[in-house]
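So the structure is just underneath, and the comments pick up after that.
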Amino acid sequence: MFGKMKDHIKSSFQEKLLNWFFLEGRSLPWREQYNPYHVWISEIMGQQTQMERVVSYFTRWVARFPSIESLAEADEKAVLKAWEGLGYYSRARNIMRTAGVFLSEYSGKVPESYEELLKLPGVGPYTAAAIMSIGFNKPYPLIDANVERVFSRIDDIDLPVKQAKAREKIQRMAEDLLVCNKPRQWNQALMELGALVCTPKNPKCSACPVQAFCLAYDAGTQYQRPVPAPKKKKVDISMACVVLLKDDQVFIQQRMKEDLWGGLWEFPGGTIDDGETPEEAAIREVAEETEWEVAGLKPFHTVVHYYTKYRVTLHGFFCCLPEFSGPPVLHAAENCSWVTLETLPEYPYPAGHRQLVKLLQTVGIPDCW
Ligand code: SF4
């Protein structure tokens with residue numbers, strides 16, 4: 001087994017990988033100063049998001065919120081807008097809450113303590129270890145999907161990496177190989193190898209600095225590692241919503257804080273029940289959420305959005321708010337607003353509704369009929 005390798009082999013492996021990272025590592029914005037605030041934001045953004053997107057969101061983020069203090073004092077709409085498009089909005093709300101804790105309890109700084117970091121909302125063992133090792137250069141091993149893949153190939157692990165036995169092996173390797181006087185460089189070198197060379201589909205073994213140590217390369221099994229987990233089918237969800245119109249304005253509402261997309265804005269709507277048509281569901285949802293009775297909907301557009309576990313089909317309709325309708329009685333939202341087409345994009349939306357907002361910018365708002 002590779003895990004407990006002899007000291008001279010281990011040193012050679014570490015040296016080769018660190019040298020490679022020194023020469024080939026990408027210059028990413030949070031690597032310029034290793035400010036723990038930057039490392040924290042980049043790590044939260046990097047969960048489930050491609051690096052190119054992280055870099056562009058991160059760059060805009062630090063220009064908009066250059067310090068923890070400016071972030072803690074920003075309003076929720078501005079923070080959610082800066083996050084819009086990254087998905088998993090609970091991450092942005094946790095960032096806001098955590099920034100408040102940093103300001104009130106740690107003088108606006110990220111605490112240099114793994115245990116203290118673990119107490120913060122949205123900070124689990126991986127993120128705490130990332131902040132400690134990359135932000136503060138402390139010896140904490142770090143295992144993300146890239147590291148799992150690299151180790152499963154280096155040690156030719158023939159089990160799905162999420163299985164307990166494989167996880168234990170990988171954890172032992174991460175601890176055994178950690179370069180304790182250079183944890184910041186070492187952890188990033190491993191992840192960078194996975195991102196640039198030991199890539200999921202076509203590992204570039206001929207350019208790999210640690211090819212000589214790779215058991216999967218020796219056995220010719222690198223394309224079968226890591227062993228994939230059994231596939232789960234995406235769950236289909238059908239939804240309907242209504243773009244309500246009045247005097248060249250459209251109605252939007254802000255979801256309750258505790259909701260899945262809490263704090264984001266949307267057109268009223270919801271899930272289509274069994275036996276309902278999308279139009280029937282849209283009419284029912286408007287009544288349930290606002291107590292407005294609407295009829296005579298016109299189809300606007302249907303959009304599809306993919307999440308990790310779900311495929312959501314959203315049917316959008318237009319409807320003119322009937323004359324003499326009173327103000328809405330909100331049952332699924334904490335705020336609402338009538339907004340013009342020009343100001344509509346200033347609000348943060350969940351993915352499907354954002355697609356409809358973009359389309360509205362192209363097709364415009366129809367006249368009422
Ligand atoms: Fe990955 Fe190939 Fe390098 Fe092995 S030799 S670590 S499979 S890139």
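All ligand and atom numbering here is 1-based and tracks the order in the structure.
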More than 12 heavy atoms of other groups within 6.0 Å of Tyr310 OH: no
Residue-ligand contact Val150/ligand 1, heavy atom below 4.0 Å: no
Nearest-0.5 Å distance, CG of residue Leu18 to NZ of residue Lys16: 12.0 Å
Distance filter under 4.0 Å to Ile154 heavy atoms, resulting ligand 1 atoms: 6 (S)
Side-chain heavy atoms of Arg167 within contact of Gln171, under 4.5 Å: no
Verdict with supporting geometry, Arg284 and Asp273, salt bridge (charged side-chain N to carboxylate O under 4.0 Å, His left out): CA-CA 10 Å; Arg284 174 184 52 74; Asp273 287 344; 3.5 Å; yes
Heavy-atom nearest neighbour in the protein, as seen from atom 2 (Fe) of ligand 1, with distance rounded to 0.1 Å: Cys205 SG, 2.3 Å
Contact atoms of ligand 1, heavy-atom distance to Gln222 under 4.0 Å: 7 (S)
Protein contact to atom 1 (Fe) of ligand 1 [nearest heavy atom, distance to 0.1 Å]: Cys198 SG, 2.4 Å
From Phe21 atom CZ to Trp186 atom CH2, the distance as rounded to the nearest 0.5 Å: 11.5 Å
Crowding at CZ, Phe22 (>12 non-hydrogen neighbours, <6.0 Å): no
Option of least heavy-atom distance to atom 3 (Fe) of ligand 1 (set: Cys208, Pro203, Pro209): Cys208
Per-residue contact class, Leu193 against ligand 1 - non-hydrogen pairs under 4.0 Å: neither
Metal check, atom 4 (Fe) of ligand 1 vs Cys214 N/O/S, cut-off below 2.8 Å: yes
